[in-house]
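Residue indices begin at 1 and follow the sequence shown. In this text, all values refer to a predicted model and were calculated from it rather than measured experimentally.
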Amino acid sequence: VGLGNTACIVTEHDLFLSWERISSILAGAMSDPLTGLPNRMAFDRRLNEAWNRSERTGCSIGVILLDLDHFKQINDALGHAAGDTVLQDVAARFEDSLRSYDLVVRHGGDEFIALCLGCEPGDIEIPIRRIMDNLRKSTVLIDCGLAGIEASIGAAVQHYDFVGFQPKDLFDRADECLYRAKSSDGCAVYIDLFDGPSTHLTVETGVQTSQSHLRSAYFGCSQSGATP
């Protein structure tokens with residue numbers, strides 16, 4: 001290759017090494033170094049891809065937001081190293097609760113996101129209950145006692161009708177549900193089921209559902225499954 005008065009030789013091996021370095025940089029930019037999960041940038045990219053595909057196929061998309069309750073107390077009591085261990089454990093349990101082709105990412109801090117593809121509105125409760133059950137198995141030692149890890153969850157599902165909506169709308173609806181869950185006593189779940197005005201949603205015992213166009217389901221996270 002001629003560069004002015006300078007000449008250099010580039011081999012296939014050099015090009016391969018350069019691509020390896022580029023690939024490593026790109027992978028690092030799309031992942032969270034603490035948990036090894038993809039990050040928010042990867043989520044946005046995957047959500048846009050899934051949304052474009054669903055506009056053609058009508059395939060449902062679900063978004064689940066999880067935020068740990070009282071995580072600051074763990075950091076304050078045990079230090080940030082213990083907090084990091086909790087985040088790693090939660091990340092693994094969250095990922096294990098979902099299907100292999102669902103995407104789990106760390107949004108930042110103590111918040112995680114899952115993108116569930118082909119998830120019908122009534123089905124979104126299934127992975128959420130698995131997530132909460134798995135989190136109950138995670139404990140941390142505080143003040144000589146074991147404390148369980150609790151979390152609040154907001155979720156939203158978009159299906160069939162994608163006209164006039166954007167991917168951000170789905171995320172914002174899930175985020176609003178998370179805000180409502182956090183605004184309760186914590187360890188709660190709110191689900192926004194965009195289900196059309198003519199569809200009646202049947203919900204199992206323990207979940208209350210409004211009859212509005214945007215149906216919101218709530219259930220508490222106590223072992224008994226009781227709803228306030």
Side-chain angles (χ1 to χ4, degrees), residues 31-44 46-47 62-99 102-116 124-156 170-192 206-207 216-228:
S31 64
D32 172 57
L34 177 64
T35 62
L37 294 176
N39 59 18
R40 177 62 189 273
M41 184 184 302
F43 171 81
D44 289 340
R46 182 80 172 272
L47 175 59
V63 169
I64 302 173
L65 302 184
L66 179 148
D67 189 279
L68 297 183
D69 296 329
H70 317 301
F71 182 69
K72 185 177 183 299
Q73 296 179 11
I74 296 176
N75 272 337
D76 292 345
L78 303 178
H80 289 283
D84 287 348
T85 300
V86 169
L87 291 174
Q88 291 168 335
D89 182 56
V90 169
R93 293 180 185 277
F94 195 2
E95 197 168 32
D96 287 345
S97 302
L98 300 177
R99 301 165 300 184
D102 292 328
L103 179 69
V104 177
V105 310
R106 185 185 178 199
H107 188 199
D110 57 353
E111 189 171 324
F112 297 84
I113 315 174
L115 179 63
C116 301
I124 194 70
E125 295 168 23
I126 298 173
I128 288 176
R129 292 188 185 278
R130 282 202 302 264
I131 292 166
M132 303 309 289
D133 287 342
N134 279 338
L135 284 183
R136 291 191 190 102
K137 301 173 185 176
S138 182
T139 56
V140 61
L141 183 64
I142 297 180
D143 295 332
C144 299
L146 288 176
I149 303 299
E150 296 182 345
S152 297
I153 287 179
L170 178 60
F171 178 86
D172 288 345
R173 283 164 46 208
D175 195 41
E176 174 63 24
C177 286
L178 178 61
Y179 175 79
R180 293 176 63 187
K182 296 293 286 187
S183 298
S184 64
D185 292 331
C187 195
V189 177
Y190 278 89
I191 310 171
D192 185 348
V207 182
S216 297
Y218 166 89
F219 55 89
C221 307
S222 63
Q223 292 287 357
S224 63
T227 304

| field | Asp32 and Pro38, any side-chain heavy atoms less than 4.5 Å apart | value | no
| note | Rounding to 0.5 Å, atoms OG (Ser97) and CD1 (Ile126) come to a distance of 13.0 Å
| field | Closest heavy-atom pair and its distance - Gln88, Leu34 | value | NE2-O, 3.2 Å
| field | Rounded distance [0.5 Å steps], CG in Leu78 versus CG in Asp84 | value | 12.0 Å
| request: Given side-chain contact (heavy atoms from CB on, under 4.5 Å), test Ser152 with Val189 step by step and report yes or no. | output: CA-CA 6 Å; Ser152 297; Val189 177; over 6 Å; no
| request: For Ser138 and Leu135, indicate whether the former's side chain and the latter's backbone hold a donor-acceptor pair under 3.5 Å. | output: no
| said: Would you say that Phe171 contacts Ile113 through its side chain, given a criterion of any heavy-atom pair below 4.5 Å between the two side chains? | reply: yes
| task | Determine, for Asp44 against Arg40, whether the closest basic-nitrogen to carboxylate-oxygen distance falls under 4.0 angstrom. | result | yes
| Closest heavy-atom pair and its distance - Ala155, Ile124 | CB-CG1, 4.4 Å
| said: Strictly distance-based, threshold 3.5 Å: is any side-chain N or O of Arg106 a donor or acceptor partner for the main-chain N or O of Asn39? | reply: no
| Ala174 to Ala156 - nearest heavy-atom pair and separation | N-CB, 3.6 Å
| field | Validation row: Leu115, Phe43 side chains within 4.5 angstrom (heavy atoms) | value | yes
| Salt bridge between Lys182 and Asp69, side-chain N to carboxylate O under 4.0 Å? | yes
| query | Roughly how far apart are Asp192 CG and Arg173 CZ, rounded to 0.5 Å? | reply | 4.5 Å
| query | Could you walk me through whether Leu37 and Glu95 pass the side-chain contact (heavy atoms from CB on, under 4.5 Å) check? | reply | CA-CA 9 Å; Leu37 294 176; Glu95 197 168 32; 3.7 Å; yes
| query | Do Leu87 and Phe112 have side-chain heavy atoms sitting under 4.5 Å apart? | reply | yes
| To the nearest 0.5 Å, what is the distance between CG (Asp76) and NZ (Lys72)? | 3.5 Å
| task | To the nearest 0.5 Å, tell me how far Phe94 CZ sits from Leu98 CG. | result | 5.5 Å
| request: Side-chain contact test, heavy atoms from C-beta onward, threshold under 4.5 Å: evaluate it for Leu65 versus Ile153 and give yes or no. | output: no
| said: Is the shortest side-chain heavy-atom distance between Glu111 and Leu178 below 4.5 Å? | reply: yes
| query | Does a salt bridge link Arg136 with Asp133, judged by any charged N lying under 4.0 Å from a carboxylate O? | reply | yes
| At what distance, to the nearest 0.5 angstrom, does CG of Asn134 lie from CE of Met132? | 10.5 Å
| task | Would you check if Asp110 and Leu66 make a side-chain contact, meaning some heavy-atom pair closer than 4.5 Å? | result | no
| query | Got a donor-acceptor contact below 3.5 angstrom from the Asp102 side chain to the Arg99 backbone? | reply | yes
| Nearest heavy atoms of Ala188 and Ala181, plus distance in Å | O-CB, 3.5 Å
| message | For Asn75 versus Gly83, what's the shortest heavy-atom pair and its separation? | response | OD1-CA, 3.4 Å
| request: Can you see which heavy atom on Leu170 is nearest to which on Val63, and at what distance? | output: CD2-CG2, 3.6 Å
